[in-house]
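Reading through the C-alpha cells given below for one structure.
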Amino acid sequence: MSRILSIDYGKKRTGLAVTDPLQIIANGLTTVETKDLLDFLLKYVKEEEVGQIVIGKPMQPNGQPSENLARVEAFVNRWRKVSPSVPIVFYDERFTSVLAHRAIIDGGVKKKARRENKGLVDEVSATIILQDYMNSKR
C-alpha cells in the first residue's frame, strides 16, 4: 500500500502528517515554510510512495469559507498541474487548531516549549486532519 499525506496549509508555515504504508496510523511528519511546500512535497513523493494527499479545507465555524481558503485552492490547483498522478482532496479542518492546542497542553508540553516551536501546532493539526480523514473512510 501507499501512504496518505495530509497538509494543514498556513500563510507562513504548513504542517504535514503522513500514514504508515499500511495506512493504519497518522504521524506528524514536519512543518515547512509555506513558500517551500511545493518543492518539499515533490521531493517527498519521489522518495516515498504517496497514493493520496488530504488538505485541510479552512472553513469558519458557521460553514462559511475562511480567508485562507483562496490560498489553499490556489495551492491545490498548482499541485494538480505539477503532479496529477498524486490526487489531492479537501477535508474539513474546522477546530483542528483548537484540538491541536489542547492535545499539546494535555501532552505536557510546557509553555516555553510551545512558544519556541510554533510549528508544532501545525504538525499536530495535520495529524488530526489525517486521522479524522482515515476514520471517516472506515
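All values below come from the heavy atoms of this structure, side chains included, with hydrogens, waters and symmetry mates left out. Quick caveat, the model's predicted, so the values are computed rather than measured.
Within the 3.5 Å criterion, the main-chain N or O of I129 finds no donor-acceptor partner in the side chain of D8. Side chain of T34 to backbone of K12: a donor-acceptor contact under 3.5 angstrom is found. T127 places no side-chain N or O within 3.5 Å of a backbone atom of A17 that could act as its donor or acceptor partner. The backbone N or O of A126 sits less than 3.5 Å from a side-chain atom of S6, completing a donor-acceptor pair.
Annotation for L22: hydrophobic cluster partners, listed by chain and number, are I24, I25 (ILVMFWY side-chain heavy atoms under 4.5 Å, direct or chained).
Hydrophobic cluster membership differs between V124 and L16, with clusters built from Ile, Leu, Val, Met, Phe, Trp and Tyr side chains linked at under 4.5 angstrom. There is a path of hydrophobic side-chain contacts, each under 4.5 Å, that joins L42 to I53. Criterion: ILVMFWY side-chain heavy atoms under 4.5 Å apart, direct or through other members. Under it, L41 and L29 are part of a common hydrophobic cluster. V54 and V50 fall into different hydrophobic clusters, where Ile, Leu, Val, Met, Phe, Trp and Tyr are joined by side-chain heavy atoms under 4.5 Å apart, directly or via other members. A continuous path of Ile, Leu, Val, Met, Phe, Trp and Tyr side chains, each step under 4.5 Å between heavy atoms, connects V76 with V32, placing both in one hydrophobic cluster.
L69 places a side-chain heavy atom less than 4.5 Å from the side chain of K57.
Pairs passing the ring pair (Phe, Tyr, Trp, His ring centres under 6.0 Å) check and including a residue from residues 10-60, sequence neighbours excluded, do not occur. Residue pairs that meet the salt bridge (Lys or Arg N to Asp or Glu O under 4.0 Å) test with at least one member in residues 26-38, sequence neighbours left out, do not exist here. For residues 70-80, the pairs satisfying salt bridge (Lys or Arg N to Asp or Glu O under 4.0 Å) are E67-R71, with sequence neighbours left out.
The two atoms that bring T31 and R13 nearest to each other are CG2-CB, 3.8 Å, heavy atoms only. The two residues W79 and V86 come nearest to each other via the heavy atoms NE1-O, 3.0 Å.
Taking the six-membered ring for Trp and thresholds of 30 and 60 degrees, Y91 and Y133 have ring planes more than 60 degrees apart, a perpendicular arrangement.
T19 is linked by a side-chain contact (heavy atoms from CB on, under 4.5 Å) to R3, I4, Q23, L130, M134, counting only residues two or more places apart in sequence or in another chain. Considering only residues two or more places apart in sequence or on other chains, K137 meets the salt bridge (Lys or Arg N to Asp or Glu O under 4.0 Å) condition with none of them.
The CD1 atom of I7 sits 12.5 Å away from atom CG of D122, with the distance rounded to the nearest 0.5 Å. Atom-to-atom distance recorded for K43:NZ and L38:CG is 14.0 Å, nearest 0.5 angstrom.
Put simply, the residue from L5, I88, T14 that forms a side-chain contact (heavy atoms from CB on, under 4.5 Å) with I55 is I88.
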